There are 4 protein chains.
Amino acid sequence: MNPGNGIPIYEQICRQVRFAVANGGLVVGEHVPSVRELATRLAVNANTVARAYRDLQAQGVLVPIRGTGLAVALNAVKTCQQNRLEMIRVRLRSVLLEAIQNGVAEDEIRRLFDTEWKSLILNCSPDG
Amino acid sequence: MNPGNGIPIYEQICRQVRFAVANGGLVVGEHVPSVRELATRLAVNANTVARAYRDLQAQGVLVPIRGTGLAVALNAVKTCQQNRLEMIRVRLRSVLLEAIQNGVAEDEIRRLFDTEWKSLILNCSPDG
Amino acid sequence: MNPGNGIPIYEQICRQVRFAVANGGLVVGEHVPSVRELATRLAVNANTVARAYRDLQAQGVLVPIRGTGLAVALNAVKTCQQNRLEMIRVRLRSVLLEAIQNGVAEDEIRRLFDTEWKSLILNCSPDG
Amino acid sequence: MNPGNGIPIYEQICRQVRFAVANGGLVVGEHVPSVRELATRLAVNANTVARAYRDLQAQGVLVPIRGTGLAVALNAVKTCQQNRLEMIRVRLRSVLLEAIQNGVAEDEIRRLFDTEWKSLILNCSPDG
DNA sequence: GTGGTCTAGACCACC
DNA sequence: GTGGTCTAGACCACG
């Protein structure tokens, strides 16, 4: 979780689940981590995870399996794969819009992109 | 203003003022628009503008001129120019981080960048 | 079983057993189906059936026969016949209450009653 | 609110709001009672009301008006009027289904309907 | 003042 | 064990 990026925690959880379904990190028909387990793992309140799971059910990504938890819905993979880049696109567009509206030149923003990308893959590849 | 991008309106106002100071759109010593005028222009509650101006004063970007309103502080230009790309950098980094953590490949995100950038300059250059 | 009608499955089982006792579908002194058998037949977890049987014992509808399972209690028929319409009455009253409190007219609700009743006897009589 | 009818409180609130919109008790464009006010009036926790209002927003019945609360959506009346009897229908059907499946005769259930209806209009009309 | 988020913890229904 | 509901109360963003 990345606090302070403006995205509520439950929403971040939703996004990560959708990414994981699209990536195959969460397999169709398999149970997702239980509310309590994921809450512990993310050091977050159980209700926050429950809220995320409830939203994901409403969106058809998760389906309840009575008494045993929640599982990835059969047709969730397709939807999540379609939305994978879309989720990033919306956020990226918002940043680029602010840059353009405030006179940031293309080479400036491209340089930012390159340096940040390099910096992040160095941090993420070892432990990712 | 771009509602729904996760940034509070008063914060968006702060950022735009700082950008404008850095760009020369707002000149040192000049008065900024009054709270009421800017509120009307942005179709936003006056208290929201007041909140933004209060924050900008606390940050030393604006200074009160007795009885006549607020003006751009003398040393604000330097700070704002230094922060100009930094404000974009932080948001961009957050997006790239999510992309990397969720397995978005470099060519995918670069393609997103290119298409979104092109799409935005078409929309913004005429009316920008 | 009718999931999603707000009544827990174990409670639905209890009700059906009481109805069956009242109807003569289950005869006094006769064994009821074993937990496992009924669970299989209803495609329900065995613990759920066990819970229903436990409640029915507590209510005096079923009595344990040493080593051989559960049977319908001697005085259960009278109680179940008395409760037969009562069980329906409570649920019906709750629906009518909501209708009245929210301005549903008598002819509207009567029309609903008629059409639903007709629709259901068509579906149920052949396979019931 | 009617506890013990199997419908969660937040769901009952949703239903009552939809009924009120259909009936004209809540007018399009008008604010609904604030979360805190309704919570006090119903003697219920504020979060429970907030949950109901959140669901109603997701269903397009309510729309947020920044900083001033929630209002009935423009096109909510049509939907709510269409769903008015449907909400009752589903519950009624469930009761009738149980009656039919368990051998309740038509005249028995009609008699129940009549007596309960009369009993309820006596209770509700004076204070309604 | 408004709604939204989050936490903490209790209780229930179900398996 | 699972998720769902509800309560209580804190804090934030916005007007």
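Reckoned from all heavy atoms, side chains included, excluding hydrogens, waters and symmetry mates. As the structure is a prediction and not an experimental result, all values here were calculated from the model. Below, chain A is the first sequence line, B the second, and so on; all start at residue 1.
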**Student:** At less than 3.5 Å, do the side-chain atoms of Arg36(D) and the base atoms of dG1(E) form a donor-acceptor pair?
**Tutor:**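 Side chain to base: no pair present.
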**Student:** Once rounded to the nearest 0.5 Å, what's the spacing between atom OG1 of Thr48(A) and atom CG of Leu42(A)?
**Tutor:**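 Atom-to-atom, Thr48(A):OG1 and Leu42(A):CG are 10.0 Å apart.
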**Student:** Figure out the CZ/P separation between Arg51(D) and dG4(E), and round it to whole Å.
**Tutor:**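 Distance, rounded to whole Å: 13 Å.
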**Student:** Suppose we define a pair by two distances each less than 3.5 Å, Watson-Crick or G-U wobble; what does dA8(F) pair with here?
**Tutor:**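 When the pairing criteria are applied, dT7(E) turns out to be the nucleotide that pairs with dA8(F).
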**Student:** Between His31(A) (NE2) and dG1(F) (P), how many Å, whole number?
**Tutor:**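 In whole Å, dG1(F) P lies 15 Å from His31(A) NE2.
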**Student:** With a 4.0 Å limit, can you tell me whether Thr48(D) has a side-chain N or O closer than that to the phosphate oxygens OP1/OP2 of dT5(F)?
**Tutor:**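 Negative; the distance criterion is not met.
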**Student:** Let me spell it out: for each of Glu37(D) and Glu11(C), pick the nucleotide of DNA chain E with the closest heavy atom. Which residue's pick is nearer the 5' end?
**Tutor:**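 Between the two, 5'-proximity favours Glu37(D).
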**Student:** Using atom CG of Asp55(B) as one end and atom P of dC12(F) as the other, report the distance to the nearest whole Å.
**Tutor:**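 So the CG-P distance, Asp55(B) to dC12(F), works out to 14 Å.
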**Student:** Could you check how far CG of Asn47(A) sits from C1' of dT7(F), rounded to whole Å?
**Tutor:**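 Atom-to-atom, Asn47(A) to dT7(F), this comes out as 11 Å.
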**Student:** To the nearest Å, give me how far apart OH (Tyr10(D)) and P (dG4(E)) are.
**Tutor:**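 Interatomic distance, OH of Tyr10(D) to P of dG4(E): 16 Å.
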**Student:** Any base atoms under 4.0 Å from Gln57(D), or only sugar-phosphate, or nothing? Heavy atoms, all strands.
**Tutor:**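 The answer is sugar-phosphate, as Gln57(D) gets under 4.0 Å only of primed atoms, P, OP1 or OP2.
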**Student:** Just call it for Ile9(B): base, sugar-phosphate, or nothing, with non-hydrogen atoms closer than 4.0 Å on any strand.
**Tutor:**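 Counting heavy atoms under 4.0 Å across all strands, the contact made by Ile9(B) is with sugar-phosphate only.
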**Student:** Measure from the side-chain N and O atoms of Thr79(A) to the backbone N and O of Asn75(A), and report whether any donor-acceptor pair falls under 3.5 Å.
**Tutor:**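 Yes, Thr79(A) side chain to Asn75(A) backbone: donor-acceptor pair under 3.5 Å.
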**Student:** Could one point to a donor on the side chain of Arg54(D) or the base of dG3(E) with an acceptor on the other under 3.5 Å away?
**Tutor:**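 Not at all, since no donor on one side and acceptor on the other fall under 3.5 Å apart.
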**Student:** Both distances below 3.5 Å, Watson-Crick or wobble geometry, any strand: find the nucleotide opposite dC14(E).
**Tutor:**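 Answer to the pairing question: dG1(F), which forms a Watson-Crick or G-U pair with dC14(E).
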**Student:** Can you measure Tyr53(A) atom OH to dT5(F) atom P for me and round it to whole angstrom units?
**Tutor:**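 Rounded to whole Å, this separation is 17 Å.
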**Student:** Nearest whole Å is fine: how far is dG3(E) C1' from Asn45(D) CG?
**Tutor:**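 Distance check: Asn45(D) CG to dG3(E) C1' gives 14 Å.
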**Student:** Report the distance from atom CG of Leu62(A) to atom P of dG3(F), rounded to the nearest whole Å.
**Tutor:**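 Rounded to the whole Å, the gap is 10 Å.
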